[in-house]
Amino acid sequence: MEINHFINTIIEEDIRSGKHKRAITRFPPEPNGFLHLGHARAIITNYSMAKTHNGYFNLRFDDTNPVKEDTIFVDAIKEDIAWLGCEWENLLFASDYFDEMYHRAMLLVKKGLAYVDDLTAEEIREYRGDLKNVGKDSPYRNRTIEDNVQLFDGMMNGEYEDGSRVLRAKIDMQSPNMNLRDPVIYRIQRAYHHNTKDKWCIYPMYDFAHPIEDAIEGITHSLCSLEFEDHRPLYDWVVKECEMENIPRQIEFGKLRIAGAVIGKRYIKQLVDGGHVMGWDDPRLITLSGLRRRGVPASAIRDFIYSLGLPKSQGETEIEMLYTVVRDHLKLETSRVNAVIDPLKLVITNYEEGKVEYLEAENNRENEALGTRMIPFSREVYIEREDFIEVKPNKKWKRLAMDVEVRLMHAYFVKANKIIKDGNGKIIEVHCTYDPDTKSGSGFSERKPNGNIHYVDATINQEAEFRLFEELILDFEDKEVPFSEKINPNSMIIQQGFIEESIITEVGERYQFTRNGYYAADIDSTKEHPVFNRIVSLKSSYTPKTV
RNA sequence: UGGGCUAUGGCCAAGAGGUUAAGGCACCGGACUUUGACUCCGGGAUCGAAGGUUCAAAUCCUUCUAGCCCAGCCA
């Protein structure tokens, strides 16, 4: 793995100059949802930077806002990070530092750098000004230090109503950087915290808490996404004015975005809460748990992240890039099995009725170690509907057509000679004859077939359900979700492709899979972490060209 | 239009004054093939725009343009 980007350069320089001996990083998720592919970049980047620079990596839950957090998310997040293979040195919680944070805040108060403000939330917003106009000072901005000490203690002791007062850093209401216009650093909130229970009724804000957390842990490089660039001056201010011993350095990188997919915890949360998907681990989502359930190996996600580098640009990566890496990881190590998604019955009229023969097939032609399997073949089989066309349109058509001969993979050559349609003209059955001399493995070479298609035996699989999930397209505009323009102006496609439910394969196994790649997961498996052990053989990427 | 950031082929991305601008994905040709998969061969950009500096610029300067982020007592 090549790591060569600006963050790596910065860290190397910090080590070369003697500023640090090693890199200590962290991943600081708020436990309010599941991790997704975007987080994978942050996790893997922080982890690999520490590892390659002789340091270590902490997992720290940024649980400073109890009303949005839940322990079920901390468990899920731990599982996902462990799955990714990013071992953390310490498992920590921001809430463990609440006492320390309180003292640091009091220090600011005593230094005259923080004050208790009685303005309402709405008034604070008005006083803050906007992008065009500078803010103006709160009338409470110049309280005496003594008053502030007393008031802040009162806040902590629960003497005031929720939302009635806040503690603000006294910085600069005229700053062109909105984050420096006296940011709120503590709010009153009587909420049960999953970790500290009812001990506190005031909670620190991110901008105040985060730099202190980093400094306490001795984080050397605090890697985060680009939207925090504007916060860096505040981050540095807090570290300096709170007189922290360790000076962490925040470095930002661009967020990962996937074209056509919903990424971003808050949006995925809407889909989950709204019942649009089966849960956070719905395989259509690009949550880590969803990808895992779909059979994507963690190693593929790592390589995918590395392959993208660490840009500050703002593009959208196509999901095909991930699929390519996934295929690269699976193609040699997994066995294959045929499955038919959209079945068309093929009757082999000159094959003995009632007979079933079992044919041997390699599980993976490129990896003999995976062995072989026996697959049934009888007078009636299912082929993929798109593998048949009435009249061969051109020389490029490599599948079945009338009077055209193809090989049924691992079986015989068949030639179609009759089409049966229903009242609507839809083809419901195709009749053909087979040539017994062409049996797989016989070495037959008199003539070449027009192509090779896969099949699933119909006698054995008569109970197969060929039910398709609907492609999930949500129109956030129609649902009047306020974030619509932030996602996609038109509509969102959760994932290109479909999820098949209960497909029965050639060997009678039940699979759920997607059509995007040719990989599949047995997600009904009782295994704890169903990993793909089969690749479903599909020519899914091929779109027949009509003439 | 205050501040911060970004801009290289359809997508991602190398490149940091000097041969014909890496590579991957996607796509299109072709070979091979018991899946049209896999593998192999071939195919495309003058670098957001306009000026300027230089013998020489994607790389330096200037001015534009476009996009992203910031006005939570969210993170």
Side-chain angles (χ1 to χ4, degrees), chain A residues 4 28-30 32 62-65 67-69 94 117 119-122 124-126 128-135 162-168 174-181 183-189 202-203 205-207 209-210 224-233 252 254-257 259 265-266 307-309 311-325 327-328 331-332 336 338 361-362 364-366 384 387 396-399 406-413 438 440-441 444 448-449 451-455 517-518 535 537-542 544:
Chain A
N4 183 28
E30 181 182 22
N32 65 348
D62 217 347
D63 53 352
T64 56
N65 187 4
V67 303
K68 293 173 67 179
E69 297 152 9
D117 198 341
L119 254 27
T120 64
E122 197 168 307
I124 286 180
R125 192 187 330 129
E126 286 165 13
R128 183 157 37 220
D130 55 35
L131 302 182
K132 273 291 269 192
N133 305 297
V134 297
D162 281 15
S164 60
R165 292 188 224 260
V166 292
L167 182 71
R168 292 230 252 170
Q174 323 281 310
S175 174
N177 183 343
M178 302 290 292
N179 297 297
L180 265 22
R181 318 242 261 232
V184 172
I185 59 177
Y186 261 97
R187 76 280 214 182
I188 304 172
Q189 201 167 61
I202 56 172
Y203 291 96
M205 299 288 290
Y206 167 87
D207 280 317
H210 205 84
C224 64
S225 50
L226 236 35
E227 76 258 37
F228 293 106
E229 268 181 320
D230 287 343
H231 296 243
R232 197 185 332 138
E252 311 82 11
K255 271 193 165 163
L256 173 64
R257 296 196 304 153
K265 212 156 33 173
R266 67 197 314 179
S307 73
L308 296 177
K312 293 182 81 171
S313 54
Q314 51 194 34
E316 280 192 331
T317 299
E318 291 174 347
I319 194 73
E320 275 304 326
M321 293 222 195
L322 203 218
Y323 295 157
T324 297
V325 179
R327 280 192 290 262
D328 285 344
K331 68 188 173 198
L332 280 179
R336 329 225 165 164
N338 289 333
E362 320 88 340
N364 183 333
R365 288 212 290 140
E366 281 139 79
E384 204 66 64
D387 281 352
K396 311 271 282 183
W397 180 258
K398 298 293 190 194
R399 305 185 185 188
V406 298
R407 157 158 252 129
L408 289 179
M409 268 174 52
H410 308 114
Y412 303 92
F413 284 15
T438 59
S440 175
F444 178 84
K448 295 255 181 194
N452 307 285
I453 64 174
H454 65 275
Y455 74 94
Y518 56 82
I535 291 182
S537 177
L538 289 176
K539 288 174 278 194
S540 60
S541 60
Y542 179 67

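A, B, ... follow the sequence lines: proteins, then strands. Residue 1 opens every chain. All heavy atoms count here, side chains included; hydrogens, waters and symmetry mates do not.
- With rounding to whole Å, A:Ile124 atom CD1 is found 10 Å from B:rG72 atom P.
- Residues A:Arg407 and A:Asn179 both approach RNA chain B. Their nearest nucleotides, taken by heavy-atom distance, put A:Arg407 toward the 5′ side.
- Between A:Glu362 atom CD and B:rU33 atom C1' there is a gap of 12 Å when expressed in whole angstrom units.
- At a cut-off of 3.5 angstrom, counting only N and O atoms as typed in the model, there is a donor on one side and an acceptor on the other between the side-chain of A:Asp230 and the base of B:rG3.
- A distance-only check finds no donor-acceptor pair linking the side chain of A:Asp62 to the backbone of A:Glu30 [under 3.5 Å].
- Nucleotide B:rA57 forms no Watson-Crick or G-U wobble pair with any nucleotide shown, as no partner meets the under 3.5 Å limit on both distances.
- Within the model, atoms CG of A:Leu408 and NE2 of A:His410 stand 11.0 Å from one another, a figure rounded to the nearest 0.5 Å.
- Contact annotation: A:Lys132 side-chain N/O to B:rG3 OP1/OP2 distance is not under 4.0 Å.
- One interatomic measurement links the two molecules: CG of A:Leu119 to P of B:rG72, which rounds to 14 Å at whole-angstrom precision.
- Put simply, A:Arg128 has a side-chain N or O that comes within less than 4.0 Å of OP1 or OP2 on B:rC73.
- Closest approach of A:Phe413 and A:Lys448 over heavy atoms only: CE2-C, 4.5 Å.
- The shortest heavy-atom contact between A:Asn177 and A:Asp230 is ND2-O, 2.9 Å.
- Among the atoms of the strands shown, none is found under 4.0 Å from any heavy atom of A:His210.
- On the C1' atoms, B:rC32 is 40 Å away from B:rA58, given to the nearest whole Å.
- A sub-4.0 Å separation between OP1 or OP2 of B:rA26 and a side-chain N or O of A:Thr324 is present.
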Protein-nucleotides 8-13 of chain B N/O pairs under 3.5 Å:
from: B:rG10; atom 1: N2; to: A:Glu318; atom 2: OE1; distance (Å): 3.4
from: B:rC11; atom 1: O4'; to: A:Glu318; atom 2: OE2; distance (Å): 3.1
from: B:rC11; atom 1: O3'; to: A:Glu316; atom 2: O; distance (Å): 3.2
from: B:rC11; atom 1: O2'; to: A:Glu316; atom 2: O; distance (Å): 3.0
from: B:rC12; atom 1: OP1; to: A:Glu316; atom 2: N; distance (Å): 3.0
from: B:rA13; atom 1: OP1; to: A:Ser313; atom 2: OG; distance (Å): 3.3
from: B:rA13; atom 1: OP2; to: A:Ser313; atom 2: OG; distance (Å): 3.4

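- Look at B:rU34: it lacks any Watson-Crick or wobble partner with both distances under 3.5 angstrom.
- B:rA37 and B:rC27 are spaced 10 Å apart, taking the P atom of each and rounding to whole Å.
- For a distance-only test at 3.5 Å, the side chain of A:Arg266 qualifies as a donor-acceptor partner of the base of B:rG72.
- For the OP1/OP2 pair of B:rG72 and a distance below 4.0 Å, the side-chain nitrogens and oxygens of A:Arg125 include at least one atom meeting the criterion.
- Taking the C1' atom of each, B:rA49 and B:rA66 are spaced 10 Å apart, rounded to whole Å.
- Spacing between atom CG of A:Leu322 and atom C1' of B:rA26 amounts to 15 Å, rounded to whole angstrom units.
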Do A:Arg232 and A:Glu252 pass the salt bridge (Lys or Arg N to Asp or Glu O under 4.0 Å) test, and can you show the C-alpha distance, the side-chain angles, and the key distance before you say yes or no?
CA-CA 9 Å; A:Arg232 197 185 332 138; A:Glu252 311 82 11; 2.8 Å; yes

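- Nucleotide B:rG52 carries an anti base; the chi torsion (O4'-C1'-N9-C4 or O4'-C1'-N1-C2) is more than 90° from 0.
- Here B:rC27 sits opposite B:rG43 as a Watson-Crick or G-U wobble pair (both hydrogen-bonding atom distances under 3.5 Å).
- Looking only at atom types and distance, the side chain of A:Glu122 has no donor-acceptor partner in the side chain of A:Thr120 under 3.5 Å away.
- Side-chain N/O atoms of A:Lys396 include one lying less than 4.0 angstrom from OP1 or OP2 on B:rG30.
- Atom CD of A:Gln174 is separated from atom CG of A:Leu180 by 12.0 Å, given to the nearest 0.5 angstrom.
- The CG atom of A:Asp63 lies 9.5 Å from the OH atom of A:Tyr203; values are rounded to the nearest 0.5 Å.
- In this structure, the CZ atom of A:Phe228 is 14 Å from the P atom of B:rC74, given to the nearest Å.
- Rounded to an integer number of Å, the gap from A:Lys255 NZ to B:rG67 P is 21 Å.
- Across all strands shown, B:rA7 forms a Watson-Crick or G-U wobble pair, both distances under 3.5 Å, with B:rU65.
- Checked by atom type and distance alone, the side chain of A:Arg257 pairs as donor or acceptor with a backbone atom of A:Gln314 at under 3.5 Å.
- Base pairing analysis places B:rU20 opposite nothing; no Watson-Crick or G-U wobble pair with both distances below 3.5 Å involves it.
- The backbone N or O of A:Ser175 lies less than 3.5 Å from a partner atom in the side chain of A:Arg181, making a donor-acceptor pair.
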Quick one: which protein N/O atoms are closer than 3.5 Å to N/O atoms of nucleotides 42-48 of chain B? Pair and distance per line, please.
none

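- In this model, the phosphate group of B:rA75 is approached by a side-chain N or O of A:Arg187 to a distance below 4.0 Å at OP1 or OP2.
- Here the C1' atom of nucleotide B:rG30 and the NZ atom of A:Lys398 are 12 Å apart, to the nearest Å.
- For B:rG2, the paired nucleotide is B:rC70, the pair qualifying as Watson-Crick or G-U wobble because both relevant distances are below 3.5 Å.
- Look at the C1' atom in both B:rG24 and B:rU34: the space between them is 31 Å, to the nearest Å.
- Across all strands shown, A:Ser175 has no heavy atoms under 4.0 Å from either base or sugar-phosphate atoms.
- With sequence neighbours excluded, the residues satisfying side-chain contact (heavy atoms from CB on, under 4.5 Å) with A:Leu308 are A:Arg41, A:Leu256, A:Phe304, A:Thr317, A:Met321.
- Distance CG (A:Asp207) to P (B:rC70): 13 Å, rounded to an integer number of Å.
- Among the heavy atoms of the strands lying under 4.0 Å from A:Asp62 are primed sugar atoms or P, OP1, OP2 only; no base atom is included.
- A residue-by-residue look at A:Ala411 and A:Lys68 shows that A:Ala411 has its nearest nucleotide of RNA chain B further toward the 5' end.
- Using a 4.0 Å heavy-atom cutoff across all strands shown, A:Val184 reaches sugar-phosphate atoms only and no base atom.
- Atom C1' of B:rC12 sits at a distance of 15 Å from the matching atom of B:rA45, rounded to the whole Å.
- Looking only at side-chain heavy atoms (C-beta outward), A:Leu131 and A:Met178 come within less than 4.5 Å of each other.
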